[in-house]
There are 2 protein chains.
Amino acid sequence: MRRKVTLKQIAKELDVSISTVSKSLRDSSEISEDTRQKVQAFAKLYNYKPNNIALSLKNRKSKTICIIIPEIIHHFFATVISGVEHIANENGYNVIVCLSDESFDKEVINLETLANGSIDGFIMSLSKETQQKRDFHHIAEVINQGMPVVMFDRITNDILCDKVIIDDNLAAFNATQYLIDKGFKKIGLISTVDYVSVGKLRTEGYTKALKTNDIKFDENLIIKIEDTDNFESQIETLISNNDLDAIFAVNEIFAVTAIKVATRLGKNVPNDISIIGFTDGIISKYSSPSITTVSQNGVKMGEKAAKMLIEKLEIEEEDYEEQYKTEVIETELVERESTI
Amino acid sequence: MRRKVTLKQIAKELDVSISTVSKSLRDSSEISEDTRQKVQAFAKLYNYKPNNIALSLKNRKSKTICIIIPEIIHHFFATVISGVEHIANENGYNVIVCLSDESFDKEVINLETLANGSIDGFIMSLSKETQQKRDFHHIAEVINQGMPVVMFDRITNDILCDKVIIDDNLAAFNATQYLIDKGFKKIGLISTVDYVSVGKLRTEGYTKALKTNDIKFDENLIIKIEDTDNFESQIETLISNNDLDAIFAVNEIFAVTAIKVATRLGKNVPNDISIIGFTDGIISKYSSPSITTVSQNGVKMGEKAAKMLIEKLEIEEEDYEEQYKTEVIETELVERESTI
DNA sequence: TTTCAACACGAAAACGTTTTCGAAACCATA
DNA sequence: TATGGTTTCGAAAACGTTTTCGTGTTGAAA
């Protein structure tokens, strides 16, 4: 177990100065062909690699970005990470992944511990708790310190920064419209509580589609799920109490559970009831019947977010102008077997 | 946008030395109560936080660990990350996530770029390509440089290091035995090609169970899937050409696809054919019928791996003795609807 | 022989910490 | 007053780089 070799050690061995070694390795013209080769050969022999930490300190940048997500188990977030990682790697950046576990406090801690030189910028999606509290001072703080932040998916308008989202409202509108076009009138909605920004937006899209098509809005056809424990019974109540033509669910889990419950209640999907989900993950793909769903393309979101962040990081200090963009990623309705 | 304040700046403002500031902030008894309070108040006012990079350089450790996985989209790996992150955070470590995308080259690059001070240790699961090439020099190298490595799930015996695995062989044996106990004799196996270590082990467990119960081993009942593209047709051939009682699939995707194909072929799962999968992810849980499967508990694997790594990192240099453990995580058969 | 550029290299600062050691300044005791 | 022990602080080294600037040596031209 030999320790990593440093410039100093090489310098000592070859009886030259540290500067000479450094310059030789960087092919500086200041150094004679002779010593340059000697140094390079020696460095190669001992497998010299510059110490990243020292470089970070010197350059005042770490070439590392951090992505904070509420949950890694969600397929969507995993795909976003995948996209971020891809672009980051292409540009020589590393990715630190932090999980907030939907907790405000963990989000704060993550930001605080990493905003001290460890990383160059953040990509983040808000935790449920943060959205509920509407307390964003921790984010404002890191931005104020000059650290770029890109928010995605679960964002807030209270913070000025780059954002990448899908048009949740429009996507939900289109999904609902798709059902309406099939001739359905009694369309149920399985959504989340309103403080989850995307849940609220999707609910609004659903409502708008109904209104646009002059379909009576019925409060009873909507359930908003808070905790993830006993939502199956809520869905069961929804389906058995109303003779629904179709259901729009704001995520995969809700959609697949709706299918399961409907089937158990003796309804055939899609013949008796059509179901549309949101997020095109493995559940939608492998469910039977497979699920018609709104595809968000998490990979593309991650890639876009990473690109925006890195772009901010690489512009020179003097050229910097405070200007924020919000990118909207296209969604797509993937038609499968759960709709007629 | 104010830059982060440093010790030097505080020292200058208060007209004391850097050492005094540093000591004051660390509550050194060398400093008088007076100046200590003065410095601390000032630091708090300007929200001073020590620069992590500088600390890393000084302490020669980064308090960061890296986990390299083949694919983040796989639910199992996501759960492992979750476990690692949890334990790491508890111990004040950050987690860098790297994806090898099942590529040998990316694995090498990840190891090389991070093994230069950026991180203190690795947790990794081998890429398919690496397992196929059986080339592990890159891992041997970082270990040789004194950097601890913990391998999990997809491991190799060619490298000496800490490992955390499940007993794939035994788990597969138990799953097969479970089917045999139900009275099934014609049991199909959907596995991966042999160079994927876990695939091979699970195949062996299956074979052993048959042998132990004096059931004739039939080559035709086994398929080993290489690429993930057209495996559905292979499964279809398997099911339609043999009148199977049951199927053991070595992962979720294969299991759920088997259900889908069997259903399409007019067979009822579980009444006509029972199916057991491997990995207890969302697919198994939300499939209809839900899938009886071997639960690996990725979270526990990740936690264990992280614990082992951090333990290695925190022992003093002089107490260090080269000694490696292999931890086996218990598996569990989760009974659901896909078996009779 | 003197002068001057070109060449080859080294010293030192800088990035932001922590820590060791030395040195003033103060007080109390002999 | 001389001695010695505290108390309180600062200088400097160290972590491993890169880079600026200075300096000594060489060779050629005057």
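Scope of the values below: all heavy atoms of this structure, side chains included, with no hydrogens, waters or symmetry mates. Note on naming: letters A, B, ... go to the chains in the order of the sequence lines (proteins, then strands), and numbering restarts at 1 for each one.
In terms of position along DNA chain D, the nucleotide closest to Glu33(B) lies nearer the 5' end than the nucleotide closest to the other residue of the pair Glu33(B) and Leu57(B). Where Glu30(A) and Gln9(A) each meet DNA chain D at their nearest nucleotide, the meeting point lying more 5' is that of Gln9(A).
Nucleic acid contact class of Lys49(A) (heavy atoms, under 4.0 Å, all strands): sugar-phosphate only. Counting non-hydrogen atoms under 4.0 angstrom, Thr35(B) reaches the backbone sugars and phosphates but no base. Heavy atoms of Leu7(B) sit under 4.0 angstrom from at least one base atom.
Ion pairing between a basic and an acidic side chain is recognised when a charged N comes within 4.0 Å of a carboxylate O; Lys106(A) and Glu85(B) show such pairing. The pair Glu141(B)-Lys4(A) fails the salt-bridge criterion, with no side-chain N (NZ, NE, NH1 or NH2) lying under 4.0 Å from an Asp/Glu carboxylate O. Between Glu33(B) and Arg36(B) there is a salt bridge, with a side-chain nitrogen of the basic residue lying less than 4.0 Å from a carboxylate oxygen of the acidic one.
For DNA chain C, the span of nucleotides reached by chain A at under 4.0 Å from its heavy atoms goes, 5' to 3', from dA8(C) to dG16(C).
Judged as a salt bridge (Lys or Arg N to Asp or Glu O under 4.0 Å), the pairs with a partner in residues 151-164 of chain B (not counting sequence neighbours) are, in order, Glu102(B)-Arg154(B), Arg134(B)-Asp158(B), Asp162(B)-Lys312(B).
The stretch residues 16-24 of chain B comes close to DNA chain C through Ile18(B), Ser19(B), Ser22(B), Lys23(B), each having a heavy atom under 4.0 Å from the strand.
Taking the side chain as every heavy atom from C-beta outward, Ile96(B) and Leu114(B) approach each other to under 4.5 Å. In this structure, Lys128(B) and Pro70(B) have side chains that are not in contact, with every pair of non-hydrogen atoms separated by 4.5 Å or more. Under the 4.5 Å side-chain criterion, counting only non-hydrogen atoms from C-beta, Val328(A) is in contact with Ile165(A).
Side-chain atoms of Glu303(A) never come within 3.5 Å of backbone atoms of His86(A) as a donor-acceptor pair (strictly under, hydrogens ignored).
A straight line from CZ of Arg36(B) to P of dT7(D) spans 12 Å, rounded to a whole angstrom.
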